[in-house]
Protein chains: 2
Amino acid sequence: MTDKNLKITIKDVAAEAGVSFGTVSRVINNDIHVKPETRERVLKAMERLGFVANRQARSLAGGKTHFIGLLVPDLGTGYIGEIIRGIDAELTLQGLDLVLYTTHRTASKEAAYVANLAKGMVDGLLLVLPRNPADYIGVLTQRKFPFVLIDHQGTGKDCPAVGATNWQGGYDATEYLIKLGHRRIGFITGWMDLGCAQDRLAGYRAALRTYHIPEDPDLIYEGTFFQPDGYTGAMKFLDLPDPPTAIFASNDVMAMGVMDAVRMRGLRVPEDVSVLGFDDIPQASLVRPALTTVQQPLENMGRVAAQMLLDLIDQPERKVGRIELSTKLVIRESCQPPRSR
Amino acid sequence: MTDKNLKITIKDVAAEAGVSFGTVSRVINNDIHVKPETRERVLKAMERLGFVANRQARSLAGGKTHFIGLLVPDLGTGYIGEIIRGIDAELTLQGLDLVLYTTHRTASKEAAYVANLAKGMVDGLLLVLPRNPADYIGVLTQRKFPFVLIDHQGTGKDCPAVGATNWQGGYDATEYLIKLGHRRIGFITGWMDLGCAQDRLAGYRAALRTYHIPEDPDLIYEGTFFQPDGYTGAMKFLDLPDPPTAIFASNDVMAMGVMDAVRMRGLRVPEDVSVLGFDDIPQASLVRPALTTVQQPLENMGRVAAQMLLDLIDQPERKVGRIELSTKLVIRESCQPPRSR
DNA sequence: GTGAAAGCGCTAACAG
DNA sequence: CTGTTAGCGCTTTCAC
């Protein structure tokens, strides 16, 4: 562990190993045209000197930056964190690094970041819960710039994306509640600008229809995926002359808001009101009663998206469309049959 | 918006504007030695061509990467997200980008990342909740590599760091409970490897001492900052022959675990047991009852740390030590005087 | 197999 | 004020 203060370049390594610096470069890049014996000598020299390749230089000369841009709306809930965990795992494997941009749900920022990043700052883009991808998907596609959308329903165009089976998730959860005996099921939507929110609602509606339960507009509350929406929506439901016996929130944090509201009214979950969420964030299994919820394979979505992006970077011509990972109903403690009346 | 597919370099701009490419470089770098008129012409040419400077090349030639490395343990709780929000705001202002590394609390990863990053990949390092900084602080300091520790108590060495007044926060909260009339106050610690956890406990102890309340080892449960610790710890407390009337958890997520445990026992917060947290993550004000907690100025810590780092990058010789931002007790609904017996 | 040479796009002296 | 000239550290030809 020689700790010279100065930067060690391939030239230093070359001198140390007694080869030309071109050969060192070959070793670094795992070029086959190096005698095993020479390779060994170079590797040893690198270690002895504590050599670390300069990324900037590699990029300049070679073309790749070894950076992947990651755009996320925010880091507030565990939701994004889980996705990033998956992305991270996959990228680390390939020696790529993540450049993080937080858009705070500002559409203009999103477009601006994308525009700049696509001009060579990163090798590819991962867009989580993109707000208005329509603005830039065209440009990205035309330039053949690699990108993958995470958790977004296509804008009609078919472009690389990974998401979950939101419709099915909404359907399954609602069906589960119906089979438990519930007839009045409140639904709190997500932010309806997002395709996933629309799909979950559609799934809920479809299940009602299948079981011939009339839809009641009073039992649908439009939220935005934030916890207070769950609270407010539930309060509104509970004030109804004929309140629901179960409430299905479009994500877990809103479901927690619902739980708070139910308790606030002096009622109990699940005895008086069943509560069901969506996502299965880490918190879901930790609250009491543990939340029954529709699991999204968040970490896996991140991992799959990263893989897709890497493929796309290797073979830009390859056509890939949307991949849907399946959701799964995770039954815990927050739902039970309604009280008999 | 000329959309040539090829990369546009300063040479193209130079040709377009009818100047040498050295002049274009000056314009990019806001060099004063350019005739306003010429600058204008160059700027126009850049716009016309849609020029974006190549970061890799700038770094290679100029020395700065315009990237800041950010090491975080994980992205699970809102806690880190808030800090990042502050960092982000400050860095965006300066046109710097964030390279994200998630260590997942693995000490070896932490050291490895730091070692690599410090070798020119980024201009500076921001280390949130570092696990074993002692391993690399020496090297970093010796090389005069700019870095700032966030939320970590110094290892004896005095190095750039920003944190909160954890001791005072622990003291204030405990004092508040005592003044409410509580005598038996359960305390759930954080991960005791971390200085902040130690300080909060020390503050708790100091307050007890001040008010001549004997410390009871049964009322201290060692946790690790995760929600289940709060649940388990509270369960243990509640099983005591003489259970506490108030429980102070070393962070908010553990406090939420405590709330769950209290409810699980059929008791109410705050009527039967008061609960107090630490951090004031966004969730704290959203749960019911809203959590009384010690607020850490998380976002501001991020902002201040970023500023410190930028200063350090500009003036590497400058000596800076630890900055402590003050905590504040935020009184909401989860605490009240104990039931009279 | 390996060495030598030519840039990648830009900054930073250095001359005028 | 502006043009010119060297590199920054590395990948890639292209020879040998």
Side-chain angles (χ1 to χ4, degrees), chain A residues 4-43 45-46 49-67 95 116 119-123 313, chain B residues 4-43 45-46 49-67 95 116-123 313:
Chain A
K4 282 280 166 218
N5 211 347
L6 304 162
K7 307 252 169 214
I8 288 158
T9 75
I10 47 173
K11 293 189 182 174
D12 300 320
V13 177
E16 176 83 9
V19 296
S20 78
F21 75 87
T23 301
V24 177
S25 174
R26 286 189 190 98
V27 173
I28 294 173
N29 294 288
N30 283 314
D31 192 319
I32 323 153
H33 307 288
V34 183
K35 206 194 300 177
E37 187 180 309
T38 313
R39 176 186 303 280
E40 198 54 39
R41 197 143 38 89
V42 173
L43 253 18
M46 296 199 330
L49 264 32
F51 169 79
V52 174
N54 178 313
R55 292 277 288 270
Q56 281 74 40
R58 292 191 77 174
S59 312
L60 226 206
K64 296 208 186 241
T65 67
H66 304 278
F67 281 119
N116 271 319
K119 285 188 178 168
M121 259 201 51
V122 297
D123 297 336
I313 290 174
Chain B
K4 282 281 166 220
N5 212 348
L6 304 163
K7 308 255 168 211
I8 289 157
T9 75
I10 47 173
K11 292 188 180 174
D12 300 320
V13 177
E16 175 84 9
V19 296
S20 79
F21 76 86
T23 302
V24 177
S25 174
R26 285 188 191 98
V27 172
I28 295 172
N29 294 288
N30 284 314
D31 191 320
I32 323 152
H33 309 287
V34 182
K35 205 195 299 178
E37 187 180 308
T38 313
R39 175 185 304 279
E40 198 53 40
R41 196 144 37 91
V42 173
L43 253 19
M46 295 197 334
L49 265 30
F51 169 80
V52 174
N54 178 312
R55 293 274 288 268
Q56 282 73 39
R58 294 189 74 175
S59 313
L60 226 207
K64 295 210 187 242
T65 66
H66 303 279
F67 280 119
N116 272 320
L117 291 170
K119 285 187 178 167
M121 260 201 50
V122 297
D123 297 336
I313 290 174

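We name chains A, B, ... by the order of the sequence lines, and we start the count at 1 in each one.
Contacts classified as side chain to side chain donor-acceptor pair (under 3.5 Å) and involving residues 50-64 of chain A (residues at least two apart or in different chains) are given here: A:N29-A:R58, A:R55-A:D97.
Along DNA chain D, the stretch of nucleotides lying under 4.0 Å from any heavy atom of chain A spans, 5' to 3', D:dG9 to D:dT13.
Among all heavy-atom pairs drawn from B:A45 and B:E16, the shortest one is CB-CG, 3.5 Å. Residue A:A17 comes nearest to A:V42 through the heavy atom pair CB-CA, 4.0 Å, listed as atom of the first residue, atom of the second, then distance. Shown here for A:M121 and B:F67, the closest heavy-atom pair between the two residues is CE-CZ, 3.9 Å. Across every non-hydrogen atom of B:R26 and B:H33, the tightest pair is CD-O, 4.1 Å. Nearest heavy atom pair, residue A:V34 against residue A:D31, reads CG2-O, 3.8 Å.
In the helix from C:dG1-D:dC16 to C:dG16-D:dC1, the terminal helix axes, each the rotation mapping four pairs' C1' atoms onto the next four within five end pairs, subtend 40°, rounded to 10°.
A:D123 pairs by the side chain to side chain donor-acceptor pair (under 3.5 Å) definition with A:T65, not counting sequence neighbours. Taking A:F51 as the reference, A:I8, A:I10, A:V13, A:I28, A:M46, A:A53 meet the side chain to side chain contact (heavy atoms under 4.5 Å, CB included) condition, with sequence neighbours excluded.
No side-chain heavy atom of A:R39 sits less than 4.5 Å from a side-chain heavy atom of A:V19.
For A:T23, a side-chain nitrogen or oxygen approaches OP1 or OP2 of C:dG3 to under 4.0 Å.
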> Once each nucleotide of nucleotides 10-16 of chain C is scored for protein heavy atoms under 4.0 Å, what B/S/- sequence comes out, 5' to 3'?
Replying inline: BB-B---

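Distance NZ (B:K7) to C1' (C:dG9): 11 Å, rounded to an integer number of Å.
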